[in-house]
Amino acid sequence: MKNVTVTLDEEVARWARVRAAELDISVSRMLGDLLQEQMRRQVTYQTEMRQFLVRERRPLNADGSAYPSRDDLHDRTNLR
């Protein structure tokens with residue numbers, strides 16, 4: 001374990017002490033858990049993004065037909 005000094009605004013520090021007490025853990029443990037969760041999310045995101053980017057590209061329309069035009073997609077004549 002590594003000790004780290006953190007500087008907090010007084011209001012934030014007060015909230016952190018109350019929240020940690022509600023969770024029955026120390027502020028240090030609460031901050032460690034929050035940082036660990038952020039690290040896990042970032043690693044998961046990066047892993048999934050790499051997996052997505054290495055996938056083979058494929059067309060959005062499986063039958064190879066032409067995509068609709070912009071005008072067709074945004075036709076609002078029925079709304080006027």
Side-chain angles (χ1 to χ4, degrees):
M1 290 286 182
K2 182 75 173 163
N3 289 329
V4 177
T5 301
V6 178
T7 303
L8 301 172
D9 180 75
E10 188 59 41
E11 184 178 347
V12 173
R14 188 176 312 115
W15 177 88
R17 286 190 297 271
V18 170
R19 182 66 181 139
E22 291 171 351
L23 298 171
D24 197 27
I25 59 175
S26 67
V27 172
S28 179
R29 173 69 184 263
M30 184 174 73
L31 289 173
D33 290 349
L34 288 169
L35 291 171
Q36 188 174 37
E37 175 62 18
Q38 288 294 313
M39 183 180 75
R40 186 194 63 75
R41 286 182 182 183
Q42 181 181 2
V43 168
T44 300
Y45 175 83
Q46 290 173 345
T47 300
E48 291 178 3
M49 179 60 80
R50 274 195 295 282
Q51 289 173 353
F52 174 78
L53 292 174
V54 298
R55 289 177 30 189
E56 184 179 336
R57 291 184 182 181
R58 55 190 171 125
L60 295 176
N61 51 354
D63 63 0
S65 60
Y67 295 121
S69 70
R70 184 182 187 285
D71 290 336
D72 290 339
L73 290 174
H74 298 281
D75 181 21
R76 301 189 189 276
T77 55
N78 294 333
L79 297 176
R80 292 180 194 162

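Only heavy atoms go into these numbers, but all of them, side chains included; no hydrogens, no water, no symmetry mates.
By the 6.0 Å contact criterion, CG on D24 is open, its count of non-hydrogen atoms from other residues, nucleotides or ligands being 12 or less. Crowding of Y67 atom OH: a count of heavy atoms from other residues, nucleotides or ligands under 6.0 Å exceeding 12. For Q36, the CD atom counts as loosely surrounded, since its 6.0 Å shell holds 12 or fewer non-hydrogen atoms of other residues, nucleotides or ligands.
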Show, in sequence, the C-alpha distance, side-chain angles and deciding distance for D33 and I25, and conclude whether the side chain to side chain contact (heavy atoms under 4.5 Å, CB included) test is met.
CA-CA 10 Å; D33 290 349; I25 59 175; 4.3 Å; yes
Test salt bridge (Lys or Arg N to Asp or Glu O under 4.0 Å) on R41 and E48; report intermediate values, then the result.
CA-CA 11 Å; R41 286 182 182 183; E48 291 178 3; over 6 Å; no
Given side chain to side chain contact (heavy atoms under 4.5 Å, CB included), test R40 with E37 step by step and report yes or no.
CA-CA 5 Å; R40 186 194 63 75; E37 175 62 18; 2.6 Å; yes
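Salt-bridge annotation for E11 and R14: absent, with no side-chain N of the basic residue lying under 4.0 Å from a carboxylate O of the acidic one.
The line from CE of M1 to OG of S28 is 8.5 Å long, rounded to the nearest 0.5 Å. A distance of 11.5 Å separates CG in L34 from CZ in R29, rounded to the nearest 0.5 Å.
Contact detail for L23 and M30: the closest heavy-atom pair is CD1-SD, 4.1 Å. What you find for L8 and V12 is that their closest heavy atoms are CD2-CG1, 4.2 Å.
For the residue pair S65/D63, the side-chain donor-acceptor check at 3.5 Å is satisfied.
Checked against L53 for a side chain to side chain contact (heavy atoms under 4.5 Å, CB included), the options R55, M49, R50 give a single hit: M49.
Hydrophobic clustering of Ile, Leu, Val, Met, Phe, Trp and Tyr side chains at less than 4.5 Å, counting indirect connections, keeps V27 apart from L35.
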